[in-house]
K.L.:
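Structure incoming, see below.
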Amino acid sequence: MNFSEKLKAWQDQVNRAMDQALPGSEVHPTRLHQAIRHSVDAGGKRLRPILTLGAEDLFPGENDPMPAALAIELIHTYSLIHDDLPAMDDSEMRRGKPSCHVAFDEATAILAGDALQPMAFEWLARGYASVPKLFADLSLILAETAGSRQLVGGQMQDLLSEGKEPDEENLSYIHRNKTAAMIRASLEMGFRIGAMGEDMEKTAQVREAGLSLGLAFQAVDDLLDVTGSTEELGKDAHHDSEQGKVTWVTLKGEEGARQLAREHTERARASLEGLGGNADFLLELTDFMLERKH
Ligand code: GRG
């Protein structure tokens with residue numbers, strides 16, 4: 001299979017596994033489960049689960065990476081639902097559809113996001129029950145990444161910085177924690193599940209690769225906010241600029257942001273190449289993420 005075929009095959013596998021594992025929309029209370037499905041099924045790129053599958057495939061082992069891949073997508077989806085709320089980023093569109101609170105209501109969207117968080121750890125517990133050390137390590141990576149020093153901390157700092165003077169150090173903190181940490185964790189969890197998962201030197205290199213990939217992803221996201229259309233993006237274009245958000249484009253201009261994305265991409269490639277193993281898919285995905293249009 002070439003790169004695009006493999007990407008599509010993995011996206012389909014993730015979507016099927018997700019559909020099977022999620023409570024059906026007929027499960028009581030139906031409104032909550034419909035809201036969860038509305039957001040999870042809305043057509044995200046499944047980038048994080050695919051990074052997990054790709055990282056396990058670097059040194060394939062005997063454990064299935066899919067439960068971890070789904071768990072990280074649940075946390076990612078909860079963060080999008082809550083980020084779209086009026087109290088946070090106030091976005092009406094997500095993944096080409098009305099945001100959860102627009103399609104349902106605010107209370108339901110809060111609860112849908114709340115429910116997705118324990119569900120992620122429930123799926124890890126079910127998926128790795130027979131490998132307790134692996135379950136503990138994966139839970140620790142995901143809990144730390146989603147917690148107050150990383151994902152939630154990055155979001156807090158982002159909210160606190162709205163309308164403030166541009167500050168490169170602060171922006172780096174926000175992007176490292178709000179965006180790059182979850183991308184790093186996706187790779188790290190997949191690598192941990194594979195055959196070399198307990199090699200600390202390689203783990204450090206995987207973390208480096210993931211962080212650089214995440215920072216490149218965010219620089220591209222900042223660029224797409226000014227260059228993409230709402231139709232292409234599936235969410236409101238120019239949203240950051242309209243909200244007075246500081247981004248790499250406001251700090252460094254379009255060319256500066258593009259240059260930054262290229263530099264982080266190069267760093268991610270170098271770390272991945274240094275790992276050995278079956279890195280071809282992840283290397284192509286790294287380039288694909290730089291060129292993405294949504
Ligand atoms: C509410 C705790 C909390 C955190 C929210 C995810 C997030 C943090 C904010 C979303 C705003 C944003 C543009 C973040 C940066 C990049 C990002 C996470 C984009 C969305 O990820 P994609 O493009 O989305 O992978 P899909 O829909 O394809 O999964």
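Everything numeric here is computed off the predicted structure, so don't read it as measured data. Just so you know, ligand 1 is whichever comes first in the structure, and atom 1 is the first atom listed for that ligand.
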K.L.:
Using a 4.0 Å cutoff against the non-hydrogen atoms of His82, which atoms of ligand 1 qualify?
P.N.:
1 (C)
K.L.:
Measure from atom 18 (C) of ligand 1 to every heavy atom in Arg48, Met182, Met156 and give the option owning the shortest one.
P.N.:
Arg48
K.L.:
List every atom of ligand 1 that sits less than 4.0 Å from any heavy atom of Tyr78, numbering the atoms from 1 in the order shown and giving each element.
P.N.:
2 (C)
K.L.:
State whether a side-chain donor-acceptor pair under 3.5 Å links Gln218 with Asp222.
P.N.:
yes
K.L.:
Do me a favour and list the nearest non-hydrogen protein atom to atom 13 (C) of ligand 1 with residue, atom name and distance?
P.N.:
Asp221 OD2, 3.3 Å
K.L.:
Shortest non-hydrogen contact from Asp57 to Asn278?
P.N.:
O-ND2, 2.9 Å
K.L.:
If only atom types and distance count, is the side chain of Ser99 paired as donor or acceptor with the main-chain N or O of Glu92 below 3.5 Å?
P.N.:
yes
K.L.:
List ligand 1 atoms under 4.0 Å from Phe217, heavy atoms only on the residue side.
P.N.:
16 (C), 17 (C), 19 (C), 21 (O), 22 (P), 23 (O), 25 (O)
K.L.:
At their closest point, which heavy atom of Leu251 faces which heavy atom of Glu168, and how far apart are they?
P.N.:
CD1-CA, 3.9 Å
K.L.:
With distance as the sole test, does Arg46 use its side chain to make a donor-acceptor pair with the main-chain N or O of Gln13 at under 3.5 Å?
P.N.:
no
K.L.:
Relative to each other, are the rings of Phe3 and Phe281 parallel, tilted or perpendicular (30° and 60° limits)?
P.N.:
tilted
K.L.:
Quick one: nearest non-hydrogen protein atom to atom 15 (C) of ligand 1, plus distance?
P.N.:
Gln218 OE1, 3.1 Å
K.L.:
For atom 23 (O) of ligand 1, tell me which residue out of Lys45, His76, Met88 has the closest non-hydrogen atom.
P.N.:
Lys45
K.L.:
Relative to atom 1 (C) of ligand 1, which among Ser79, Pro49, Ser148 owns the nearest non-hydrogen atom?
P.N.:
Ser79
K.L.:
Does the side chain of Thr145 pick up a donor-acceptor pair with the side chain of Arg184 at under 3.5 Å?
P.N.:
yes
K.L.:
In the protein, what heavy atom is nearest to atom 12 (C) of ligand 1, and what distance, to one decimal place, separates them?
P.N.:
Lys178 NZ, 3.9 Å
K.L.:
Find the distance between CZ (Arg48) and CG (Leu51) and round it off to the nearest 0.5 Å.
P.N.:
8.0 Å
K.L.:
Side chains of Glu263 and Gln259: do they bring a donor and an acceptor to under 3.5 Å?
P.N.:
yes
K.L.:
I need the nearest protein heavy-atom contact for atom 5 (C) of ligand 1: residue, atom name and distance, please.
P.N.:
Gln155 OE1, 3.3 Å
K.L.:
When you measure from atom 11 (C) of ligand 1 to every protein heavy atom, which one gives the shortest distance, and what is it?
P.N.:
Asp83 OD2, 3.3 Å
K.L.:
If the cut-off is 4.0 Å to any non-hydrogen atom of Thr179, which atoms of ligand 1 fall inside it?
P.N.:
15 (C), 16 (C)
K.L.:
Quick check on contacts: which atoms of ligand 1 are under 4.0 angstrom from a heavy atom of Arg95?
P.N.:
26 (P), 27 (O), 29 (O)
